[in-house]
Amino acid sequence: MPLRMSSLFLRTLRDDPADAEVASHKLLVRAGYIRRAAPGGYTWLPLGLRVKNKVENIVREEMNAIGGQEVHFPALLPKEPYEATGRWEDYGDGIFRLQDRSGSDFLLAPTHEELFTLLVKDHYSSYKDLPVYLYQIQTKYRDEARPRAGLLRVREFIMKDSYSFTIDQDGLNEAYDKHRLAYVRIFERLGLEVVAVQAMAGAMGGSRSEEFLHPSAAGEDTFVESPGGYRANVEAVDTVVPETIDYTEAPAAEVKDTPVSTTIAALVEVANELAPKDNGSWEASETLKCVVLTAVLDGGERQLFVVAVPGDREVDVKRLEAFIPDALGVAGEPEVEPATHDDIAKHANLVPGYIGPTLLQDGNAIPMLGTKSQTGIPFFVDPRIVSGSSWVTGANQDQKHVFGLVADRDFTWDAVIEATAVRDGDPAPDGSGPLATRRGMEMGHIFQLGRKYAEALDLKVLDEHGKQVVVTMGSYGIGISRAVAALAEAHHDDKGLIWPMNVAPAHVHIVATGKDDEIFEAAEEFATKLEAAGVEVLYDDRRKAQAGVKFSDAELIGVPLHLIVGRGLAKGTLELKDRHADTREDIPLDDALDHVVALVRKYQNSQG
RNA sequence: CGGGACGUAGCUCAGCUUGGUAGAGCGCGCGCUUUGGGAGCGUGAGGUCGCAGGUUCAAAUCCUGUCGUCCCGACCA
């Protein structure tokens, strides 16, 4: 049966909703696909639900095709599994917590690693049972500080999450590659352009990881791209390390007066005035900025450390947080924040504004930063600080800087650490040229989790030698509701939505115009024939609505093909509008069925 | 969590400065006309003015608080 506009639960809106900013939000609301019901929560209306279900089914088919088995967990979960992995705490304000009548703690699941792990633990205990891939399509909850942009960032959303359980890393690699290919196919079939970018494992605690981003100005993620095809999230770019420099001939470091130069900009200005360079002028990139930071450990203890970066670059706190537990040798996921005046005041040797790795005094070079130095403060450097590189940096004396301080000769460090964000124009790791930055929406993310969750929840199986081994896991997600928004964002024009055939709420929108019964009878008959041929029809059978209203609604709703049954009928023709090709043609009634069916099939196949 | 803007009918908005019985357009009902690009005329239904306090004879309007929305930033698989 075709969907009939006369009875469809739908009210299109003439004006953009006042609270909408991005195109997908405006159009999905105006065309009657979704309706806001709560802060960060949307109701799926009949048309929207059809699109959402189609997206889900494509995902489901491709997951099944790689051997995935669908299960379904509750969204309301007890806290214990999440406590076992530390995420009850780690998620902070990011999850919804609640209590039942007896006071027991629950949460609305933001993701289900723990539950999948426990499920496999319940059932399996031998390597012979592995590999196994399980997935679900589930509502997830996150207490977003700022829901925005309609379905793009919400507090309740639908996600496909799958998990692979394998006996070893080889198995994980295979599972990862299969998911990767499945994801490429899924987005092809959806008609959504995505690029796979290298990602940081982040809170998930894994190793290899890629994000599938839909390039879009409305996206919230930034990634970089090289001419040679290297792509990575800005957080995950490996800094290109410069060649080390032979410093045997380098002049000795020299302390100079640099009054009132506690910022890099001021330092460069003062240096050019008071200590001019032989050739050219000093640049910020030649200075070494020693930034004092604090890691707030899980116990609340504040651990001071210093990171040195080229003066023209900013420290990226988020990046640091990924590397700092290793660098400091601490457990948990400490937060990194700028050191406070109190933090710094505890170290009498630190001269704020003039901090540097070395104090030159009476011909001696005294290390001031590093665990084995005067201060004992851990000291890390950006990868650009290579052996032999020469810097202008703080002299650890008020109003003085040291010039020509050479790395490895005049100072050392505890570890090299990725501490700065990548910039447009930075060299690409693949050596193919400068990196360019672009924006994208995160549509999917695949991770090699490794053994973190299996270890925390004690998921072990017996291997072929009868020995207990920890299972290796991978985790793979696709945002279903976000994909609907991204599709709307990617496929629309000034008149309305234009869905790809595979996700459209219907394949053909039949518009009957006029008032004669013959027209509606012919339209009805044609709709029935199309449906019999397996084509989904949205039929505008409204008798009173004017043609203009029907055309506008059809364009707004965005079914890709419109078939107009109206004034052409007298001479035996129908009018076919193709919203993707932006064409219209009159076709003879006799050929129309075959023609339309063929066109629908063509679009379905061209999208996968 | 910081900075800014805004909450009045299903939707888009006016009214608030200067307190005095709640408004328009679209949408919805009914009637007539119109009928291939959001048509016209007539006639209706529909609102605790986000919520809670306060000031006042009287509050959509003034004050305080609170909740929510949007934008920028922070945060965020």
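Letters A, B, ... mirror the listed sequences (proteins, then strands); counts begin at 1. Note that the structure is a prediction, hence the values are computed from the model and not measured. The figures here come from the full heavy-atom set of this structure, side chains too, leaving out hydrogens, waters and symmetry mates.
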Counting side-chain heavy atoms from C-beta on, which of [options] comes nearest to [X]?
X       : options                : value
A:Glu21 : B:rG37, B:rC71, B:rG36 : B:rC71
A:Leu13 : B:rC11, B:rG36, B:rU69 : B:rC11
A:Ala18 : B:rC13, B:rC70, B:rG36 : B:rC13

Quiz item: For RNA chain B, whose closest nucleotide is more 5', that of A:Ile564 or that of A:Asp15?
Solution: A:Asp15
Practice problem: Report the residue (A:Arg11 or A:His112) whose heavy-atom-nearest nucleotide on RNA chain B is the more 5′ of the two. | Solution: A:Arg11
How close or far is atom [atom2] of [N] from atom [atom1] of [X], stated in whole angstroms?
X        : N      : atom1 : atom2 : answer
A:Lys515 : B:rC32 : NZ    : C1'   : 14 Å
A:Arg153 : B:rA74 : CZ    : P     : 13 Å
A:Lys550 : B:rG38 : NZ    : C1'   : 13 Å
A:Asp516 : B:rG36 : CG    : C1'   : 13 Å
A:Ile510 : B:rG36 : CD1   : P     : 19 Å
A:His509 : B:rG37 : NE2   : P     : 17 Å
A:Arg30  : B:rC11 : CZ    : P     : 15 Å
A:Arg155 : B:rC76 : CZ    : P     : 17 Å

When all nucleic acid strands are considered with a 4.0 Å heavy-atom cut-off, which category describes [X]: base, sugar-phosphate, or nothing?
X        : answer
A:Gly477 : nothing
A:Pro17  : sugar-phosphate
A:Lys26  : nothing
A:Arg36  : sugar-phosphate
A:Glu210 : nothing
A:Asp553 : base
A:Met159 : base
A:Glu220 : nothing

Using the [atom1] atom as the reference point in each nucleotide, state the distance between [N] and [M] in Å, no decimals.
N      : M      : atom1 : answer
B:rG15 : B:rG23 : P     : 15 Å
B:rG38 : B:rC62 : C1'   : 42 Å
B:rG25 : B:rU64 : P     : 36 Å
B:rA45 : B:rA22 : P     : 16 Å
B:rG31 : B:rG36 : C1'   : 26 Å
B:rG42 : B:rU34 : C1'   : 15 Å
B:rA59 : B:rU18 : C1'   : 14 Å
B:rC28 : B:rC63 : C1'   : 39 Å

Quiz item: Are A:His179 and A:Tyr133 close enough that their ring centres sit under 6.0 Å apart?
Solution: yes
Every protein N/O within reach of nucleotides 1-9 of chain B N/O, cut-off under 3.5 Å:
none

Taking 4.0 angstrom as the limit, do [X] and [Y] come out as a salt bridge?
X        : Y        : result
A:Asp578 : A:Arg584 : no
A:Arg231 : A:Glu210 : no
A:Glu575 : A:Arg567 : no
A:Arg30  : A:Asp15  : no
A:Arg208 : A:Asp177 : yes
A:Asp312 : A:Lys289 : no

According to the Watson-Crick and G-U wobble definitions, with both distances under 3.5 Å, which nucleotide is paired to [N]?
N      : result
B:rC1  : B:rG73
B:rG19 : none
B:rC41 : B:rG31
B:rG36 : none
B:rA14 : none
B:rU64 : B:rA52
B:rG46 : none

Exercise. Compute whether any side-chain donor of one residue and acceptor of the other, for A:Lys160 and A:Ser162, lie under 3.5 angstrom apart.
Key: yes
Quiz item: Hey, does the side chain of A:Arg35 come within less than 4.0 Å of B:rC11's phosphate (OP1/OP2), counting only N and O?
Solution: yes
Under the 3.5 Å rule, do the base of [N] and the side chain of [X] count as making a donor-acceptor pair?
X        : N      : answer
A:Glu575 : B:rG36 : yes
A:Lys544 : B:rG38 : no
A:Glu555 : B:rG37 : yes

Quiz item: Once the angle between the rings of A:Phe116 and A:Tyr163 is folded into 0 to 90°, is it parallel (under 30°), tilted (30 to 60°) or perpendicular (over 60°)?
Solution: tilted
Self-check item: A:Glu56 side, atom CD; A:Glu70 side, atom CD - distance, nearest 0.5 Å
Solution: 8.5 Å
Self-check item: Taking every non-hydrogen atom, the tightest pair across A:Pro560 and A:His580
Solution: CB-CD2, 3.6 Å
